2 protein chains.
Amino acid sequence: MVLSRTSQYAVQALIYIATQTPGEPVLNRDIADRLNVPAAYLAKILQNLCKQGVLASFRGRLGGFCLRDGMHRTNLMQILLLTEGPDFTKSCILGLKECSDATACPMHFKWIPVKKKILGLLNEMNLEELAKAVQTGKYRLADLPTAALAG
Amino acid sequence: MVLSRTSQYAVQALIYIATQTPGEPVLNRDIADRLNVPAAYLAKILQNLCKQGVLASFRGRLGGFCLRDGMHRTNLMQILLLTEGPDFTKSCILGLKECSDATACPMHFKWIPVKKKILGLLNEMNLEELAKAVQTGKYRLADLPTAALAG
DNA sequence: CTATAATCAGACAAAAAACTCCCTTTGGAG
DNA sequence: CTCCAAAGGGAGTTTTTTGTCTGATTATAG
């Protein structure tokens with residue numbers, strides 16, 4: 001309804017990494033198992049997040065992915081601008097390329113306040129808080145945690 | 001960000017039809033020209049809306065599409081349930097299949113109120129109102145109205 | 001009856017999104 | 001130094017969405 005699968009995987013993975021000990025690289029395979037998400041596809045997404053400066057990666061034994069310094073406080077909006085593209089916030093609900101107060105679609109003035117709620121929410125939620133919520137054990141990051149069944 | 005292209009075309013087309021004289025069939029080609037949308041694709045969408053009971057269609061000369069009786073008051077939610085599928089309202093922002101108050105993702109309790117705003121908006125806007133807004137001339141249904149250039 | 005103009009129907013094509021495979025590069029452990 | 005396990009990278013495949021084409025059906029006008 002709002003996010004592409006790629007963005008959903010990215011956010012899930014980042015929250016999961018944020019729940020792990022900082023500085024200790026997390027394996028792509030472990031994340032994929034935990035989130036029950038295709039590993040090879042997730043790897044591409046993590047690689048991209050590396051290039052964008054959100055994650056650091058380490059190769060070879062003891063390799064894996066870490067959040068870069070300060071990125072615990074990254075909010076979801078910042079991440080989604082990377083995964084959905086820079087026009088993410090600019091979209092008209094009817095799909096018009098040009099839709100502003102001056103050139104409005106018939107839904108514009110009703111939609112804008114709702115959109116502001118969405119963007120506000122995405123701006124106020126950061127990885128650290130979400131990770132802490134998960135760590136309480138009250139919230140789920142994935143549907144059927146296959147890793148949890150095995151361990 | 002929220003709606004598929006198919007849904008956007010469907011809503012645009014229905015609003016446009018609602019602006020036209022009731023009972024006088026509107027041509028697919030005219031709608032497509034006006035909205036600057038692929039005609040053959042739009043035809044499929046309109047056919048589907050016929051099967052779903054929103055539109056009536058007439059073949060042959062003087063043919064075209066009309067809103068069925070009472071459908072002027074159809075709200076956007078009802079239309080989107082047809083074009084996006086019955087799970088449209090049920091989606092979790094992180095993509096979890098199972099995400100309720102009992103089995104919540106870490107965004108759930110913050111997301112639900114925002115989602116309610118979205119669904120509330122879609123529920124309160126109907127074709128008649130949107131058509132009237134367009135008829136004032138203050139709002140646009142399409143990006144570059146090619147038909148307006150010709151006429 | 002015939003020509004014409006509209007929708008209907010189904011197969012097809014192209015583009016985008018989601019996902020996979022294979023091989024290379026890297027770096028730690030033995 | 002060698003082996004192995006990790007990420008890196010590029011091409012390829014599958015699936016979904018979007019869009020096209022062709023011919024059949026229907027109904028009106030002349």
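Here the structure is a predicted model, which is why all the values come from computation and not from measurement. Order of the sequence lines fixes the chain letters, A, B, ..., with proteins taken first and strands second; residue numbering starts at 1 for each chain.
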[X] [atom1] to [N] [atom2], straight-line distance once rounded to whole Å:
X: Leu55(A); N: dA6(D); atom1: CG; atom2: C1'; value: 15 Å
X: Tyr41(B); N: dA11(C); atom1: OH; atom2: C1'; value: 16 Å
X: Lys51(B); N: dT7(C); atom1: NZ; atom2: C1'; value: 12 Å
X: Phe58(B); N: dT4(C); atom1: CZ; atom2: P; value: 25 Å
X: Lys44(A); N: dT13(D); atom1: NZ; atom2: P; value: 15 Å
X: Leu3(B); N: dT17(D); atom1: CG; atom2: P; value: 14 Å
X: Gln12(B); N: dT18(D); atom1: CD; atom2: P; value: 13 Å
X: Gln47(A); N: dT24(C); atom1: CD; atom2: P; value: 17 Å

[X] side chain to [Y] main-chain N or O, any donor-acceptor pair under 3.5 Å?
X: Asn28(B); Y: Ala39(B); result: yes
X: Asp87(A); Y: Lys90(A); result: no
X: Lys132(A); Y: Leu127(A); result: no

Return no unless some side-chain N or O of [X] is found under 4.0 Å from OP1 or OP2 of [N].
X: Thr6(B); N: dT18(D); value: yes
X: Ser57(B); N: dC8(C); value: yes
X: Arg5(B); N: dA16(C); value: no
X: Tyr9(A); N: dA18(C); value: no

Check your understanding: Leu27(B) has a side chain; which of dA6(C), dC4(D), dT4(C) sits nearest to it?
Key ->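 Of dA6(C), dC4(D), dT4(C), dA6(C) is nearest to the side chain of Leu27(B).
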Practice item. For the side chain of Arg61(A), starting at C-beta, report the closest nucleotide among dC19(C), dT20(D), dA29(C). Key: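 Nearest listed nucleotide: dA29(C).
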Review point. Given that Ala43(B) and Leu62(A) both sit by DNA chain C, which one's nearest nucleotide is further toward the 5' end?
Key: Ala43(B)
Check your understanding: Taking the nucleotide of DNA chain C with the closest heavy atom to each, which residue, Ser7(A) or Arg59(B), is nearer the 5' end?
Key ->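 Taking each residue's closest nucleotide, the earlier one in sequence belongs to Arg59(B).
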Practice item. Begin with the C-alpha distance, continue with both residues' side-chain angles, and end with the deciding distance and a verdict on side-chain contact (heavy atoms from CB on, under 4.5 Å) for Gln12(A) and Leu94(B). Key: CA-CA 7 Å; Gln12(A) 288 175 18; Leu94(B) 282 187; 4.2 Å; yes
**Study point:** Toward the 5' end of DNA chain D, by each residue's nearest nucleotide, Leu42(B) or Gly64(A)
**Key:**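 Closest to the 5' end, via its nearest nucleotide, is Gly64(A).
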Practice item. Look at all strands and tell whether Leu46(B) reaches a base, only sugar-phosphate, or nothing, counting heavy atoms closer than 4.0 Å. Key: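 It contacts nothing in the nucleic acid.
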**Study point:** Donor on one side chain, acceptor on other, Tyr41(A) and Thr6(A), under 3.5 Å
**Key:** yes
